[in-house]
Amino acid sequence: MDGGPRNPEADKLRRRLQREHQARLEAEQIAERGLRELYEKQLQLQLLESIADAANGAASVADGLSFTVSSVCQYTGWLIGHAYLIDHVDGEVHLRSASIWHYADEQRFRDFRQVTEAMEFPPGLGLPGRVLSSGAPAWISDISQTPEFCRVDAAEQAGLRAAAAFPVLVGSEVVGALEFFASNVLEPDDKLLHLMAQIGVQMGRVVERKRAEEQLIDAFHDPLTGLPNRALFADRLSRAVARCNRHREAAFAVLFIDLDRFKLVNDSLGHLAGDLLIVQVATRLGMCLRQTDTLARMGGDEFTILLDCIGNSEAPASVAERLLNALEPPFLVNGEQLYISASIGIASSDLGYESAEEILRHADLAMYRAKTLGKHRFELFDHSMHDLAVGRLNLETRLRNALQNGEFVLHYQPIMHLASGRLAGVEALVRWQKPSGELVYPGDFIQVAEDTGLILPLGLWVLREACRSMACWHEEYPGPAPLTVSINLSARQFAQHDLVSQVGAIIVETGIAPACVRLEITESVSMADSERTIAVLQQLHDLGVRISLDDFGTGYSSLSYLHRFRLDVLKVDRSFVTQLDQCPEGLQIVQTILSLARNLGIEAVAEGVETERHLQILQSLDCDFGQGYYFARPLPASALIALLKDGQHLNTN
Ligand SMILES: Nc1nc2c(ncn2[C@@H]2O[C@H](COP(=O)(O)O[C@H]3[C@@H](O)[C@H](n4cnc5c(=O)[nH]c(N)nc54)O[C@@H]3COP(=O)(O)O)[C@@H](O)[C@H]2O)c(=O)[nH]1
């Protein structure tokens with residue numbers, strides 16, 4: 001106004017207009033702010049939605065984190081985003097870089113990244129440590145003014161000022177953290193912090209889902225090989241059975257694979273080596289199959305294969321052939337070459353099956369048959385195997401009854417001193433004499449007794465009866481030197497924790513001179529757990545009994561244990577003695593075994609001496625003792641007594 005006469009009405013109007021203008025301005029500002037807030041909210045919602053989508057669809061935790069880190073950077077316009085995951089170090093939780101970053105300028109942030117990735121953040125240390133201990137988002141307005149920010153130098157060099165971080169949470173558990181950096185100083189933004197907290201929960205869902213998936217995988221997969229386990233195999237097999245029953249042309253086959261003598265590898269080289277071997281075997285087996293077949297590990301050294309939709313009836317046998325061939329080249333385990341073979345049983349759907357369990361059992365029976373026929377082979381299931389299994393079950397019952405009814409007897413096979421031709425001892429061999437008088441040989445029942453555990457009471461009876469008889473004969477028929485009695489100990493007997501006290505009690509009870517008792521163990525028995533074997537053999541030796549290593553050369557013949565074990569006698573297996581006069585190698589093998597025994601200072605007994613020629617060669621090789629049909633077959637006690645009365649005359653020269 002320029003000082004003219006004032007118009008109160010006009011002034012009033014002007015003031016009113018000014019007020020209205022002001023009010024409109026404010027209203028506009030409020031509307032604009034509201035709109036902006038609305039827009040921001042919408043952006044936040046979009047961000048959250050996209051992160052939730054990514055969380056649901058992420059193939060891995062890393063994928064989910066990577067998406068989130070770059071989305072948050074785009075939303076905030078901040079320079080760097082980075083993700084950490086929880087790590088357990090000596091029982092303590094730490095945050096460690098997951099090497100998931102988002103930034104535009106690689107060169108500029110390289111050192112900062114290096115410093116960050118080299119660090120571990122326990123609770124409380126630095127920005128990630130704060131988030132880890134509080135479980136809540138954290139904000140730093142200016143890194144250069146924050147001494148507790150432990151990467152301050154690297155951050156300043158990269159031109160970083162403000163920082164924010166938030167935890168990835170599963171419930172209240174911190175499982176990771178995300179951090180972001182801006183190039184300018186920024187005051188804490190509560191809304192952003194709230195948004196970050198929400199994102200942290202979304203990301204936690206990815207971790208939770210992955211954990212659940214892993215648990216599910218564990219429930220259906222073998223942790224060592226990653227192969228389907230028994231449960232998953234049974235499920236797939238049930239489907240195959242049902243499918244085949246609907247459509248006859250959907251033929252399939254089941255292969256049951258058991259590694260031969262795997263236990264020996266495990267026991268001699270350790271379980272870790274055994275595990276490594278199993279993994280390599282699984283790989284080789286898998287390479288022989290089609291994508292559509294299922295290879296599963298049932299546990300231990302047992303694998304099964306479901307050959308789905310087999311084209312022709314010969315297919316399972318040719319797959320089995322392929323599998324056996326694939327296992328032939330040596331395996332390299334801990335720098336050692338190992339050879340392993342397998343026995344395979346095959347059951348095909350053409351026999352008509354109602355359940356997965358039944359076909360699997362038949363494949364197992366066929367595998368068992370392959371084992372008994374000499375291992376390293378495959379067998380196709382046929383119904384005679386089922387009958388055989390039923391027969392074995394019956395045999396078990398009859399053996400139990402026979403033991404109760406005292407139907408077992410011992411026969412004694414002479415062992416001769418080769419230089420003098422005198423009877424040095426006998427081997428006690430069990431027979432089952434049925435009430436009808438029929439004599440059943442151990443080859444027809446020992447394995448069943450072993451498998452069913454019946455060998456324990458039977459073996460104890462043999463031990464007692466052999467010692468009792470020999471103690472009587474020592475009294476009644478004293479010769480120039482007391483006869484020895486050799487008694488077979490099966491693997492199961494040897495594994496008994498109270499074996500030594502059982503033997504000790506029988507020696508006391510029967511009064512036999514312990515030095516006359518020779519317990520025969522086989523290589524597989526002695527190798528099973530070498531440390532225990534050493535201890536048990538020492539304890540038996542302390543009782544005064546002698547130990548014989550039976551069937552030498554037929555097992556895993558690890559020479560290293562020969563001098564570690566307390567052995568007194570080495571029995572040269574019959575298969576070598578048979579070859580003595582058949583090929584130069586046969587002679588060389590026996591010669592080598594005999595000089596090995598001599599070097600170790602132990603006696604040698606040649607088994608299976610069947611001819612005069614065998615005897616002559618063994619004598620020329622200075623073999624200590626011989627046993628075999630040439631001298632005598634195993635004799636009933638009465639025949640042995642007659643021999644003892646007679647002055648021990650046998651076929652010697
Ligand atoms: N755990 C136990 N095992 C036992 C017991 N009794 C016997 N057995 C084992 O059964 C297998 C077969 O025994 P058997 O049918 O008695 O055969 C023995 C001999 O008859 C046979 N032999 C002996 N000399 C010859 C020969 O010149 N030729 C030939 N063809 N066979 C011959 O060898 C068997 C003895 O072998 P070994 O024990 O290795 O000395 C057999 O493995 C027995 O060990 C028992 O009580 N418990």
Side-chain angles (χ1 to χ4, degrees), residues 372 399 402-403 407-416 418 424-433 439-470 484-496 499 502-503 506 517-526 547-555 569-581 590 604-615 617-618 623 625-637 639-640 650-652:
T372 49
L399 283 178
L403 192 62
E407 292 171 17
F408 287 101
V409 293
L410 288 183
H411 283 193
Y412 299 91
Q413 187 174 32
I415 297 175
M416 310 301 291
L418 296 187
V426 291
E427 178 178 355
L429 296 157
V430 69
R431 271 95 180 93
W432 173 16
Q433 185 142 37
L439 210 56
V440 186
Y441 287 83
D444 293 333
F445 62 82
I446 279 285
Q447 191 55 51
V448 174
E450 178 84 28
D451 293 348
T452 55
L454 206 68
I455 194 74
L456 298 182
L458 178 60
L460 194 63
W461 176 83
V462 170
L463 192 65
R464 182 174 282 116
E465 178 60 15
C467 291
R468 190 192 61 76
S469 303
M470 186 50 78
T484 60
V485 59
S486 302
I487 301 157
N488 288 282
L489 277 191
S490 76
R492 248 178 134 140
Q493 275 176 284
F494 194 80
Q496 291 173 106
L499 172 74
Q502 278 181 17
V503 174
I506 286 176
V517 178
R518 295 189 164 181
L519 299 178
E520 293 199 358
I521 59 168
T522 56
E523 285 180 70
S524 57
V525 169
S526 53
I547 307 294
S548 224
L549 190 62
D550 203 2
D551 306 338
F552 183 75
T554 56
V569 183
L570 205 65
K571 289 191 88 174
V572 185
D573 189 65
R574 189 166 72 226
S575 56
F576 302 125
V577 176
T578 308
Q579 289 175 42
L580 264 180
D581 52 353
V590 175
V605 178
E607 297 184 284
V609 182
E610 289 187 343
T611 63
E612 191 176 352
R613 184 77 192 121
H614 288 162
L615 173 63
I617 300 173
L618 288 165
C623 177
F625 300 95
Q627 174 185 354
Y629 292 173
Y630 178 71
F631 306 113
R633 290 187 173 249
L635 307 167
L640 182 71
L650 281 172
N651 201 4
T652 53

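All ligand and atom numbering here is 1-based and tracks the order in the structure. Just so you know, residue 1 is the first one in the sequence shown, and it goes up from there.
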task: Measure the distances from the heavy atoms of Lys571 to every atom of ligand 1 and state whether one is below 4.0 angstrom.
output: yes
task: Heavy-atom distances under 4.0 Å are what count here, so tell me which part of Val430 touches ligand 1: side chain, backbone, both or neither.
output: both
- request: Report the part of Arg633 (side chain from C-beta onward, or backbone N, CA, C, O) that has a heavy atom under 4.0 Å from ligand 1; answer both or neither where that applies.
  value: neither
message: Starting from atom 10 (O) of ligand 1, what is the nearest protein heavy atom, named by residue and atom, and what distance separates them?
response: Pro442 CB, 3.4 Å
task: Would you verify that at least one protein heavy atom lies under 4.0 Å from atom 17 (O) of ligand 1, or report that none does?
output: no
- prompt: So, do Val572 and Leu618 sit near enough that their side-chain heavy atoms are less than 4.5 Å apart?
  reply: no
- prompt: What residue and atom, counting heavy atoms only, is the protein's closest point to atom 38 (O) of ligand 1, and at what distance?
  reply: Glu427 OE2, 2.9 Å
Minimum non-hydrogen distance to atom 46 (O) of ligand 1, winning option of Thr611, Val462, Ile446: Val462
query: What residue and atom, counting heavy atoms only, is the protein's closest point to atom 30 (N) of ligand 1, and at what distance?
result: Glu610 OE2, 3.3 Å
query: What atoms of ligand 1 come within less than 4.0 Å of a heavy atom belonging to Asp550?
result: 37 (P), 38 (O), 39 (O), 40 (O)
- request: Could you list which atoms of ligand 1 come closer than 4.0 Å to a heavy atom of Gly628?
  value: 24 (N), 27 (O)
query: Taking side chain as C-beta onward, heavy atoms only, is Cys467 less than 4.5 Å from Ile487?
result: yes
message: If I compare all heavy atoms of Asn488 with all of Ala428, which pair ends up nearest, and what's the gap?
response: ND2-O, 3.8 Å
message: Tell me the protein heavy atom at minimum distance from atom 24 (N) of ligand 1, and give that distance in Å.
response: Gln413 NE2, 3.1 Å
- prompt: Nearest protein heavy-atom contact for atom 31 (N) of ligand 1: which residue, which atom, what distance?
  reply: Arg574 NH1, 3.0 Å
query: Val426 and Pro414: which non-hydrogen atoms are nearest, and at how many Å?
result: CG1-CA, 4.1 Å
- request: Measure from atom 26 (C) of ligand 1 to the protein's non-hydrogen atoms and state whether any distance is below 4.0 Å.
  value: yes
message: Tell me which one of Ile446, Val409, Val440 satisfies side-chain contact (heavy atoms from CB on, under 4.5 Å) with Val430.
response: Ile446
query: Parallel, tilted or perpendicular: which describes the rings of Phe445 and Trp432, with under 30° parallel and over 60° perpendicular?
result: perpendicular
task: Could you see which bit of Leu429 sits under 4.0 Å from ligand 1, with heavy atoms only: side chain, backbone, both or neither?
output: both
- prompt: Does any non-hydrogen side-chain atom of Val605 lie less than 4.5 Å from one of Phe552?
  reply: no
Ser469 side chain to Ala466 backbone, donor-acceptor under 3.5 Å: no
message: Once you restrict to heavy atoms under 4.0 Å, what part of His411 touches ligand 1? Side chain, backbone, both or neither.
response: neither
field: Under 3.5 Å: donor-acceptor pair, side chain of Glu450, backbone of Arg492
entry: yes
query: Should you measure from each heavy atom of Ser490, which atoms of ligand 1 turn up under 4.0 Å away?
result: 1 (N)
query: Taking C-beta and beyond as the side chain, do Val577 and Ile617 meet within less than 4.5 Å on heavy atoms?
result: no
For atom 44 (O) of ligand 1, the protein heavy atom that lies nearest, with its residue and separation: Asn488 OD1, 3.2 Å
message: In this structure, does ligand 1 have an atom that sits under 4.0 Å from one of the heavy atoms of Gly608?
response: yes
message: On a heavy-atom basis, which atom in Thr452 and which in Val448 lie closest, and how many Å separate them?
response: OG1-O, 2.7 Å
statement: In this structure, atom 20 (O) of ligand 1 is nearest to the protein heavy atom Pro634 CG, 3.4 Å
- request: State whether the side chain of Gln496 and the backbone N or O of Gln493 hold a donor-acceptor pair below 3.5 Å, judged by distance alone.
  value: yes
message: Among all protein heavy atoms in this structure, tell me which lies nearest to atom 36 (O) of ligand 1, with the distance rounded to 0.1 Å.
response: Glu607 OE2, 3.9 Å
